[in-house]
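Let me begin by presenting the structure, written as structure tokens, before commenting on it.
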Amino acid sequence: MTYRAPVADIAFALKHGAGFGAVLAEGLYGDLGEDVVDAVLEEAGKFATDVLAPLNAVGDRHGTPFKDGAITTPPGWKEAYRAWAQAGWNGLAAPGQWGGQALPHALNAACVEMWNSAAMAFGLGPLLTMAGIDALVAHGSDALKRAYLPKLVSGEWMGTMQLTEPQAGSDVGALRTRAERAPDGSYRLTGQKIFITYGEHDFTDNIIHFVLARLPDAPPGTRGISLFLVPKFLLNADGSLAGRNDVRAHSIEHKLGIHASPTCTMVFGDKGGATGYLVGEENRGMACMFTMMNQARLSVGLQGVAIAERATQQALAYARERKQGRATDLGFTRDRQGNVPKSAKADLGAARDGASPIIGHPDVKRMLLTMRALTRAARTICYATAVALDRAERATDAAARTAAHERASLLTPVAKAFSTDIGIEVASLGVQVHGGMGFIEETGAAQHYRDARILAIYEGTNGIQAIDLVTRKLPLSGGGAVRAYIEELRGTLAAVNAANDPAFGATGARLNEAVDSLERATQWLLGPQQNDPDTALAGATPYLKLFALAAGGTRLAEEALAAARIAGNGADAAARIALARYFAENLAVKAPGLERTVVEASDSVNAADAALA
Ligand SMILES: Cc1cc2nc3c(=O)[nH]c(=O)nc-3n(C[C@H](O)[C@H](O)[C@H](O)COP(=O)(O)OP(=O)(O)OC[C@H]3O[C@@H](n4cnc5c(N)ncnc54)[C@H](O)[C@@H]3O)c2cc1C
């Protein structure tokens with residue numbers, strides 16, 4: 001089963017769940033209208049579905065053989081990348097000054113989801129190039145921008161992001177790669193980086209590495225890190241390629257998943273030092289890297305949504321085909337009149353004739369609903385983060401820009417960690433829906449599961465995201481940013497209650513409880529616990545999940561309300577209300593338990609050392 005980009009769903013989530021409709025209506029992107037947005041999504045959907053999706057399994061099987069320092073990407077991948085770049089997708093949200101199309105981040109986010117659903121190992125490369133472009137635009141000198149941005153934006157060259165070393169993973173401050181000042185103002189880098197995505201490949205003629213390194217007189221830790229641009233090929237004065245720089249891929253890793261994305265060990269300075277150019281200021285590299293990482297963290301969250309969407313599509317298709325046992329029609333949702341909807345009737349017919357499709361079994365339906373609900377909730381959280389980035393850049397008054405910047409900062413760790421956690425969970429459920437066939441590679445369900453597993457690890461592990469949320473994001477504006485967000489959630493829930501529609505069931509009540517739990521846990525974390533890091537950190541991961549369940553559930557309810565407003569009692573509204581209700585009554589109900597975990601985590605974690613002895 002291949003992937004079909006769910007363009008209508010994506011457009012709906014963007015406009016009605018994530019608030020992009022308001023950005024357009026306020027004219028923050030000038031006269032950009034819904035027609036252009038829809039046309040871009042449509043074209044992206046076609047490219048993802050027709051060109052990229054068929055390459056996914058090929059990439060998994062072929063991998064990226066490494067020989068004599070060179071990497072061969074899977075058959076058809078290089079051509080697909082070039083066609084993708086030529087179509088202008090790489091520079092969708094990049095500044096017009098450098099050849100980009102200056103379209104909204106939110107629109108790009110929707111496209112990033114589609115590239116990664118189609119082939120995650122493909123989408124990962126451009127994701128890093130886009131992050132590098134952001135860092136260079138924000139922090140690079142004019143000369144560096146002129147030399148590198150046009151070709152990075154067009155996709156003629158790709159970028160990499162190089163932080164990790166054997167002793168420096170989550171603890172970036174422990175890195176040792178060394179940069180020495182050269183008389184001409186450039187730097188010479190020596191050292192080794194590991195796990196570098198697309199560190200070497202054959203997609204493009206040049207590869208632009210963004211590398212963190214330490215000057216000889218740098219202060220220890222993260223305050224002594226600088227960011228350097230290190231090209232694979234140096235440039236002549238006219239911009240053409242000169243000789244090879246002193247950087248090379250030494251080897252590649254053999255991995256659980258994303259086989260078509262080369263993961264390289266990189267060596268700098270075999271011949272005396274790789275030439276690097278400072279981005280930003282000396283010892284201020286972490287600030288630049290954060291520009292890259294924030295963009296990349298949101299995009300990795302989108303990868304979680306992407307893999308979840310693809311796994312859900314595949315599981316649904318399988319569950320409609322595979323027949324086992326007899327299901328009663330009790331297993332099907334009824335409409336408001338108590339009738340079984342038309343779409344389920346064919347399956348029911350099959351049930352009467354003999355074995356029925358497994359989608360008719362309530363337990364399978366529960367798995368499929370969980371998959372769909374988690375995917376859609378994570379999608380609106382990610383898109384809302386991108387919308388906040390657009391507002392932070394474009395809002396007309398400074399206070400609105402600051403508030404939007406804080407909103408994006410608050411939501412980024414939630415978008416990254418929740419969406420990737422559910423990406424893994426949904427892919428795992430996808431395997432389960434397939435039964436034994438899920439464990440057999442032929443169906444493709446197993447590839448999604450294997451591919452998904454990295455998402456909770458790279459771009460800052462999900463544990464690190466939770467710590468970021470609790471220690472750096474909750475205190476923004478003295479807790480004002482998170483309180484404003486919770487207020488907004490309450491506004492939506494008031495509208496759900498006011499709608500007084502029986503189809504919502506206990507949606508309003510369950511989500512109110514979830515938001516109450518979120519509010520109490522937030523207040524608790526913003527209280528004296530702030531001065532006791534171990535107490536707060538022990539509950540960071542359950543807090544992030546609590547946040548996401550309250551937020552995701554409320555956003556789904558908001559989408560359902562919007563669907564009801566637009567389409568009256570049409571099928572789409574009924575489906576969205578049913579999904580919001582499922583989320584509230586089955587998933588958001590975990591919130592009070594998570595609140596308890598947050599508040600009691602430290603005691604139970606610290607008291608349990610003996611259990612690990
Ligand atoms: C396929 C792949 C691609 C990658 N691509 C890139 C890339 O392109 N560029 C790049 O620079 N890196 C890349 N990485 C590296 C990746 O970002 C790191 O693996 C990741 O940041 C975790 O670091 P680590 O592996 O050293 O794990 P560790 O830091 O050793 O973490 C191990 C465990 O301890 C936890 N932990 C560590 N410190 C703390 C703490 N302070 N508090 C609480 N928990 C903690 C972690 O959450 C984790 O569960 C890639 C890795 C892989 C596998």
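Given the structure is predicted, the values throughout are model-derived calculations rather than measurements. Positions are given from 1, in the same order as the sequence printed here. Atoms within each ligand, like the ligands themselves, are counted from 1 in listed order.
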(message) Can you name the atoms of ligand 1, numbered from 1 with element, that are less than 4.0 Å from a heavy atom of Ile467?
(response) 42 (N), 43 (C)
(request) Please identify which atoms of ligand 1 are closer than 4.0 Å to at least one heavy atom of Thr197. (result) 3 (C), 4 (C), 5 (N), 6 (C), 7 (C), 8 (O)
(request) Assign the ring pair Phe203 / Phe122 to parallel, tilted or perpendicular, where the plane angle (0 to 90°) is split at 30° and 60°. (result) tilted
(request) Answer yes or no: does atom CZ of Phe228 have more than 12 heavy-atom neighbours from other residues, nucleotides or ligands under 6.0 Å? (result) yes
(message) Angle between ring planes, Phe547 versus Tyr485, binned at 30° and 60°: parallel, tilted or perpendicular?
(response) parallel
(request) Within a distance under 4.0 Å of any heavy atom of Met161, pick out the atoms of ligand 1 and give their elements. (result) 7 (C), 8 (O), 9 (N), 10 (C), 11 (O)
(request) Using heavy-atom distances, let me know which of Asp171, Ile258, Leu124, Ile457 sits nearest atom 20 (C) of ligand 1. (result) Ile457
(message) Show me which atoms of ligand 1 lie under 4.0 Å from any heavy atom of Ile454.
(response) 1 (C), 2 (C), 52 (C), 53 (C)
(message) Show the atoms of ligand 1 that are less than 4.0 angstrom away from any heavy atom in Leu163.
(response) 10 (C), 11 (O)
(message) Need the ligand 1 atom indices (1-based, order shown) with element for anything under 4.0 Å from a heavy-atom of Lys255.
(response) 1 (C)
(request) Out of Leu175, Thr164, Thr461, Leu256, indicate the one that has the non-hydrogen atom closest to atom 46 (C) of ligand 1. (result) Thr461
(request) Do me a favour and list the nearest non-hydrogen protein atom to atom 41 (N) of ligand 1 with residue, atom name and distance? (result) Ile464 CD1, 4.3 Å
(message) When you measure from atom 34 (O) of ligand 1 to the protein, is at least one non-hydrogen atom found at a distance under 4.0 Å?
(response) no
(request) Could you pull out the closest heavy-atom pair between Phe195 and Thr263, with the gap in Å? (result) CA-CG2, 3.5 Å
